[in-house]
Amino acid sequence: MSIEKRYILVKSRINNDAVKLLAVSKKQPISKIRQLYLLGHCTFGESYVQEAVEKIKTLSDLAIEWHFIGPIQSNKTKYLAQYFNWVQSVSSLKILSRLNKQRDPNRGKLNVLLQLKVGNEESKKGFNDNELLAICEKKEDFENICIRGLMSIPKPSDDYNVQLKQFSHCKDVFERMKAFVDVDTLSLGMSSDLEAAIASGSTMVRVGTDIFGKRE
Ligand SMILES: *Cc1c(COP(=O)(O)O)cnc(C)c1O
């Protein structure tokens with residue numbers, strides 16, 4: 001199926017003007033990014049720093065809004081602060097402080113989502129509920145950061161009700177953030193679970209495979 005057909009299908013599954021679509025282009029070739037851009041899409045997500053920076057430089061002729069959604073090592077934060085518009089996968093205070101220090105104020109604030117850990121899996125990165133809210137309380141400490149909301153990658157499940165339950169927990173924490181910060185972005189849902197995410201209040205879904213096909 002062509003990218004255009006896949007893209008139209010994904011948009012019809014979203015079927016909600018209030019929900020933004022982030023096209024996840026990690027491990028996809030530059031040519032496919034250009035193709036989707038020509039169809040009018042301009043927000044893209046990447047997960048690997050080196051690959052992303054190369055793509056951003058190569059595609060600097062396009063007005064793309066770049067989101068980083070991958071795991072973050074602290075020795076790579078300077079590239080994220082320099083090249084990205086958004087970092088969705090902030091999962092420690094140390095990473096947030098480094099991004100704040102390394103962001104050039106002339107580039108405007110860096111948009112950040114705090115990553116929430118759900119399901120208490122040891123391996124998954126992210127804050128627990130209270131840690132995440134404590135950071136929102138201290139938002140003044142990060143003058144070059146704009147906290148826009150939260151992102152989560154719940155444990156994959158084929159069961160729609162399990163998906164719903166995990167996503168609704170994220171929605172609850174998102175609502176609690178509003179006591180401290182003006183948040184507007186709840187980034188939940190990928191190719192396999194975007195319907196449950198939207199039913200739970202997601203404002204941004206991150207879709208790779210169902211737009212571009214299988215990754216290289
Ligand atoms: C890869 C990735 C996606 C996209 O996953 P698909 O299943 O290909 O849609 C979304 N979010 C994050 C954080 C990812 O790493």
Side-chain angles (χ1 to χ4, degrees), residues 1-3 5-16 19-30 32-33 35-36 41 43-53 55-56 64-73 76-77 79-80 84-92 95 99 111-119 121 123-127 132 148-160 162-163 166-167 169-171 173-174 185-216:
M1 211 191 300
S2 70
I3 287 187
K5 284 212 178 102
R6 287 172 170 278
Y7 180 59
I8 290 168
L9 267 179
V10 167
K11 297 237 279 197
S12 68
R13 283 168 66 197
I14 294 172
N15 191 29
N16 184 331
V19 178
K20 298 202 171 90
L21 171 60
L22 181 72
V24 177
S25 49
K26 66 182 180 206
K27 305 271 182 200
Q28 301 287 357
I30 293 279
K32 289 191 179 179
I33 300 178
Q35 228 179 313
L36 192 64
H41 193 85
T43 52
F44 290 84
E46 288 282 337
S47 300
Y48 307 102
V49 179
Q50 197 188 335
E51 175 193 340
V53 169
K55 284 174 167 167
I56 293 171
I64 289 179
E65 181 180 274
W66 291 102
H67 292 231
F68 190 77
I69 60 173
I72 303 174
Q73 290 171 290
K76 299 284 169 60
T77 50
Y79 301 108
L80 303 183
F84 283 83
N85 307 97
W86 290 65
V87 179
Q88 297 206 2
S89 43
V90 173
S91 62
S92 76
I95 298 290
L99 290 170
N111 295 296
V112 156
L113 301 181
L114 302 176
Q115 186 171 345
L116 180 69
K117 182 163 52 180
V118 283
E121 283 167 280
S123 61
K124 278 274 182 244
K125 291 205 166 191
F127 298 106
L132 189 146
R148 299 288 296 267
L150 79 77
M151 186 274 270
S152 190
I153 316 167
K155 193 175 167 195
S157 166
D158 292 336
D159 184 335
Y160 184 78
V162 173
Q163 294 174 3
Q166 301 193 109
F167 287 139
H169 176 74
C170 301
K171 166 73 169 168
V173 177
F174 178 64
T185 305
L186 178 58
S187 173
L188 296 177
M190 329 204 306
S191 292
S192 57
D193 57 11
L194 66 87
E195 285 85 357
I198 292 168
S200 310
S202 170
T203 70
M204 185 184 288
V205 293
R206 311 175 306 266
V207 179
T209 313
D210 283 2
I211 295 176
F212 295 111
K214 277 217 158 46
R215 287 181 273 277
E216 282 170 359

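Positions are given from 1, in the same order as the sequence printed here. First listed ligand is number 1; within each ligand, the first listed atom is number 1.
Below 4.0 Å from some heavy atom of Ile69 lie the following atoms of ligand 1, by number and element: 11 (N), 12 (C), 13 (C), 14 (C). Each of the atoms 6 (P), 7 (O), 8 (O), 9 (O) of ligand 1 lies under 4.0 Å from some heavy atom of Thr209. Counting atoms of ligand 1 from 1 in the listed order, those under 4.0 Å from a heavy atom of Ile153 are 13 (C). Close approach of ligand 1 to Val207 is summarised as follows: ligand atoms under 4.0 Å from at least one heavy atom of the residue are 9 (O). Near Gly208, meaning under 4.0 Å from one of its heavy atoms, ligand 1 places the atoms 4 (C), 6 (P), 8 (O), 9 (O).
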Exercise for the section: Using the salt bridge (Lys or Arg N to Asp or Glu O under 4.0 Å) rule, take Glu46 and Lys55 through it: C-alpha gap first, then chi angles, then the decisive distance, then the call. Expected result: CA-CA 9 Å; Glu46 288 282 337; Lys55 284 174 167 167; 3.0 Å; yes

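Taking both residues in full, the closest heavy atoms of Phe174 and Gly149 are given as CE1-CA, 4.1 Å, listed atom of the first, atom of the second, then distance. Taking all atoms of both residues into account, the shortest heavy-atom contact from Asp210 to Ser191 is N-OG, 3.2 Å.
Closest to atom 5 (O) of ligand 1, if we only count protein heavy atoms, is Met190 CE, 3.9 Å. The nearest protein atom to atom 15 (O) of ligand 1, hydrogens excluded, is given as Lys26 NZ, 2.7 Å; this is a heavy-atom distance. At the top of the distance list for atom 9 (O) of ligand 1, counting protein heavy atoms only, stands Ser191 OG, 2.5 Å. Ranking the protein heavy atoms by distance from atom 11 (N) of ligand 1 puts Arg206 NE, 2.8 Å first.
Between His67 and Trp86, the ring-plane angle classifies as parallel under the 30° and 60° cut-offs.
Between Asp210 and ligand 1 there is no heavy-atom distance shorter than 4.0 Å. Ligand 1 has Ser47 within reach: a non-hydrogen atom of the residue lies less than 4.0 Å from it. Residue Gln88 places no heavy atom under 4.0 Å from ligand 1.
Each of Val118, Leu150, Leu114 was scored for a side-chain contact (heavy atoms from CB on, under 4.5 Å) with Val173, with one residue passing: Leu150.
Counted within 6.0 Å of CG on Asp158, heavy atoms from surrounding residues, nucleotides or ligands total 12 or fewer; the atom is thus considered open.
Side chains of Gln115 and Ser152: a donor-acceptor N/O pair is absent below 3.5 angstrom, by distance only. Between the side chains of Ser187 and Gln88, at least one donor N or O sits under 3.5 Å from an acceptor N or O.
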